[in-house]
Structures are given as structure tokens and as C-alpha cells.
Amino acid sequence: MRFALAAAALLLAVAASGAAAQSVGSVITESMYNAMLPNRDNSLCSGKGFFTYNAFITAANSFPAFGTSGGADLMKRELAAFFGQTSHETTGGTRGAADQFQWGYCFKEEISKATSPPYYGRGPIQLTGQSNYQLAGNALGVDLVSNPDLVSTDAVISFKTALWFWMTPQSPKPSSHDVILGNWTPTAADNAAGRVPGYGVITNIINGGLECGIGPDPRVEDRIGYYKRYCDMLGVGYGDNLDCNNQQRFG
């Protein structure tokens with residue numbers, strides 16, 4: 001009996017250590033990161049040398065639930081979804097080109113800088129607007145209102161703002177994290193607006209005001225193309241409801 005109890009305890013300890021080993025870095029290794037983003041340091045990209053693997057891992061470690069929740073497949077799907085959305089936001093790819101979905105993390109800030117200056121889009125998620133800079137800065141303990149350029153000059157802060165946006169619900173929007181893990185239950189208003197669980201509602205969270213509810217849109221397709229590529233690389237299924245073509249925007 002004692003032997004059986006000891007053996008059971010050992011098995012539990014091994015299982016616990018195995019679970020602990022399932023970190024973001026165990027899925028997105030440096031070689032995988034380089035394969036996913038082969039052109040991020042291309043000379044044509046303003047983000048050349050900025051989006052380093054170490055900066056990503058350092059930032060991810062500040063959000064311990066990111067990419068580590070829900071079992072192996074959901075972990076991979078969340079990472080594919082995060083990189084799918086952020087790759088579109090920073091893409092240098094040409095629509096219709098054979099390598100369209102190999103140009104994520106090319107640009108680190110909005111090219112035209114015409115949106116909400118000086119709080120135009122910066123970083124992997126293209127954080128935009130004074131309110132988002134204020135909220136992100138408060139959460140991270142950094143004054144991004146006085147110094148928004150930190151999001152395009154400090155790579156760790158840049159990734160942290162993207163992860164903050166990903167992990168944080170902003171009512172009536174759920175967090176992208178909860179959506180991709182299947183932890184979001186649509187309200188009656190969501191159902192009436194066609195907002196259903198899946199990758200498509202994450203696009204709605206990020207940029208639904210411009211891209212959703214207008215039928216097929218090449219920007220939405222670009223987001224999906226990146227996502228599918230990363231899912232394939234990580235060996236995980238796509239899930240359902242990938243677009244937001246028939247979804248009304250939140251709010």
C-alpha cells in the first residue's frame with residue numbers, strides 16, 4: 001500500500017513538472033519564432049532588429065496565463081491567433097503574393113502616422129489612441145501618455161502593450177485570450193449581432209469598426225491567412241468562425 005501511494009505521488013509530481021514545463025518558450029522556440037517571421041529583419045522593414053525573440057519571451061513571462069492555458073492544443077491555438085493578428089497589424093506583405101503571410105513584424109509603427117497623433121499605432125498590436133496608451137501604461141507601470149514612443153523604441157514594453165491588450169477585457173468586449181480559449185459566452189446582444197466564438201470575433205475586438213459586418217474584406221482575409229499558416233506550423237486546428245463578415249461591431 002505504501003509503495004502504491006509513493007508511486008502515485010511520484011506520477012503526480014512528474015505530471016506537475018511536465019505541466020510547468022509547458023511555457024510559451026517551449027512552444028514558440030527561437031527557431032520556430034524565426035521560421036514564423038522570416039522577414040522581420042528584412043532591410044525593407046522599419047522594424048528591422050526590433051522584434052527580438054528575447055523581448056517577446058521576457059514580455060510573455062509577465063502574463064503567465066498567456067499561451068499556457070487550456071491544454072496543449074489551446075495553448076498552440078492562442079499563440080497562433082496572437083501572432084496571426086499581430087502579424088497582420090505589422091505586415092509588410094503584398095496581397096496575393098506567394099509569400100504574403102511571411103512578412104509579419106515588418107513595421108513597428110503606423111506608416112502614415114495619421115491616426116490619433118501622437119498616439120498613432122505602435123507595436124505588435126498597433127496600440128492606438130490616448131485612452132489605450134493611458135490604460136496600458138497604468139497596467140504596466142509606465143507613463144505612455146507622456147512618452148508614447150516607448151512602444152516603438154523599447155521592444156519589451158512594445159510586446160507588453162500587445163499582450164496587455166490581448167489579455168484584458170474592455171467592456172463590452174471580452175478579452176481575446178478568453179475568446180480563443182473558449183471561455184467567452186456571448187450575451188443576447190452578441191447573439192443578435194452575429195458575434196459568435198472563434199477567431200473572427202478577435203478581429204472584431206481589435207478593429208471591428210472598420211473591418212467587420214461589411215461582408216468579405218481583404219484585411220480580414222489577411223488576418224485569417226496568417227493565423228492558418230501559424231496553426232499549420234504548430235500542428236493545431238483552426239476552430240470555427242474565422243471571419244467577422246456578418247458580425248456587427250461591439251458597442
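This one's a predicted model, so the numbers in the text were calculated from it and none came from an experiment.
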Under a single-linkage definition using a 4.5 Å side-chain heavy-atom cutoff for Ile, Leu, Val, Met, Phe, Trp and Tyr, are W184 and M75 assigned to the same hydrophobic cluster?
-> yes
Should W164 and L127 count as side-chain neighbours, where that means a heavy-atom distance under 4.5 Å?
-> yes
Spatial distance of atom CG (N183) from atom OG1 (T185) [nearest 0.5 Å] = 8.5 Å
Could you check if a side-chain atom of S158 sits within less than 4.5 angstrom of a side-chain atom of F50, using non-hydrogen atoms only?
-> yes
Does the pair R249/E211 count as a salt bridge with the N-to-O cut at 4.0 Å?
-> no
Which atom pair, heavy atoms only, marks the closest approach of G198 to V179?
-> O-CG1, 3.5 Å
Shortest non-hydrogen separation from V220 to C244 and the atoms involved | CG2-SG, 4.0 Å
Check: D143 main-chain N/O paired with S146 side-chain donor or acceptor under 3.5 Å = no
Strictly by modelled atom types, are S31 and N34 linked by a side-chain donor-acceptor pair under 3.5 Å?
-> no
Does Q170 reach the side chain of L135, with side-chain heavy atoms less than 4.5 Å apart?
-> yes
Atom CZ of F56 and atom OG1 of T52: how far apart are they, to the nearest 0.5 Å?
-> 11.0 Å
Going through the distances and angles, do Y227 and F101 end up as a side chain to side chain contact (heavy atoms under 4.5 Å, CB included)?
-> CA-CA 9 Å; Y227 172 63; F101 305 119; over 6 Å; no
Is there a side-chain contact between D243 and T203, using heavy atoms and a 4.5 Å cut-off?
-> no
Roughly how far, to the nearest 0.5 Å, is the CG atom of D190 from the CD atom of Q247?
-> 9.0 Å
Quick one: does N241's side chain have a donor or acceptor within less than 3.5 Å of a partner on G200's backbone?
-> no
So, R229 side chain and M36 main chain: donor-acceptor pair closer than 3.5 Å or not?
-> yes
Once you round to the nearest 0.5 Å, how far does CD1 of I202 lie from NZ of K173?
-> 12.5 Å
Between D149 and R122, does at least one N-O distance fall below 4.0 Å, as a salt bridge requires?
-> yes
Write down the atom of F66, the atom of E78, and the distance for their closest heavy-atom approach.
-> CD1-OE2, 3.6 Å
Joint cluster assignment, L210 & F250, ILVMFWY side-chain distance < 4.5 Å | no
State, to 0.1 Å, how close S69 and A65 come at their nearest heavy-atom pair, and which atoms those are.
-> OG-O, 2.8 Å
Start with the C-alpha gap between L234 and M32, add the side-chain angles, then the distance that decides, and say whether side chain to side chain contact (heavy atoms under 4.5 Å, CB included) holds.
-> CA-CA 9 Å; L234 295 172; M32 174 62 76; 3.9 Å; yes
Just checking, is any N or O donor in the side chain of Y133 or T161 under 3.5 Å from an acceptor N or O on the other one?
-> no
Donor-acceptor contact present, side-chain T94 to main-chain A97, <3.5 Å | no
Joint cluster assignment, I214 & I224, ILVMFWY side-chain distance < 4.5 Å | no
N-O pairing of E221 and R95 below 4.0 Å | no
Would you say the side chains of T91 and Y226 form a donor-acceptor pair under 3.5 Å?
-> yes
Shortest non-hydrogen contact from W103 to G93?
-> CB-N, 3.2 Å
Short side-chain to backbone donor-acceptor contact, K108 and S152, under 3.5 Å = yes
Euclidean distance, D178 CG relative to M167 CE, rounded to 0.5 Å = 8.0 Å
Is there a side-chain contact between P216 and N245, using heavy atoms and a 4.5 Å cut-off?
-> yes
Answer yes or no: is there a donor N or O on one side and an acceptor on the other, between the side chain of Y119 and the main chain of V145, under 3.5 Å?
-> yes
Would you check if there is a donor-acceptor pair between the side chains of Y120 and T128 at a distance under 3.5 Å?
-> no
Please test Y105 against D41 for side-chain hydrogen bond (donor to acceptor under 3.5 Å, both in side chains), starting from the C-alpha separation and ending with a verdict.
-> CA-CA 8 Å; Y105 287 48; D41 291 334; over 6 Å; no
Distance-only side-chain donor-acceptor flag, T58 / N61, under 3.5 Å | no
Would you indicate whether the side-chain heavy atoms of N132 and F165 approach each other to under 4.5 Å?
-> yes
Any donor and acceptor pair, going by atom type alone, linking the side chain of E110 with main-chain N or O of T115 inside 3.5 Å?
-> yes
For the student: nearest non-hydrogen atoms of T86 and T90, plus distance = O-OG1, 2.8 Å
Can you tell me how far CG of D222 sits from CD of Q100, rounded to the nearest 0.5 angstrom?
-> 5.0 Å
Pair Q248-N204, side chain to side chain contact (heavy atoms under 4.5 Å, CB included): steps then yes or no | CA-CA 8 Å; Q248 296 176 29; N204 201 333; over 6 Å; no
Report whether Y53 and F63 are members of the same hydrophobic cluster (ILVMFWY, side-chain heavy atoms less than 4.5 Å apart, transitive linking).
-> yes
Would you call V142 and L150 a side-chain contact if the rule is heavy atoms closer than 4.5 Å?
-> yes
Check the pair I157, L144 against side chain to side chain contact (heavy atoms under 4.5 Å, CB included), reporting the backbone distance first and the verdict last.
-> CA-CA 10 Å; I157 289 176; L144 297 181; 4.2 Å; yes
Going by heavy atoms in the side chains, are S87 and Y230 under 4.5 Å from each other?
-> yes
Could you give me the CA-CA distance, side-chain angles and deciding distance for F51 and F159, then say whether ring-ring contact (aromatic ring centres under 6.0 Å, His included) is met?
-> CA-CA 8 Å; F51 294 113; F159 273 114; 5.8 Å; yes
Taking the inter-plane angle between the rings of F82 and W166 on a 0 to 90° scale, is it parallel (under 30°), tilted (30 to 60°) or perpendicular (over 60°)?
-> perpendicular
Hphob cluster co-occupancy, V27 + L181, side-chain heavy atoms under 4.5 angstrom | yes
May I ask you to establish whether R223 and Y199 are in a cation-pi arrangement, using a distance under 6.0 Å from NZ or CZ to the six-membered ring centre and at most 45° from the ring axis?
-> no
Hey, are Q102 and N39 close enough side-chain-wise for a donor-acceptor pair under 3.5 Å?
-> no
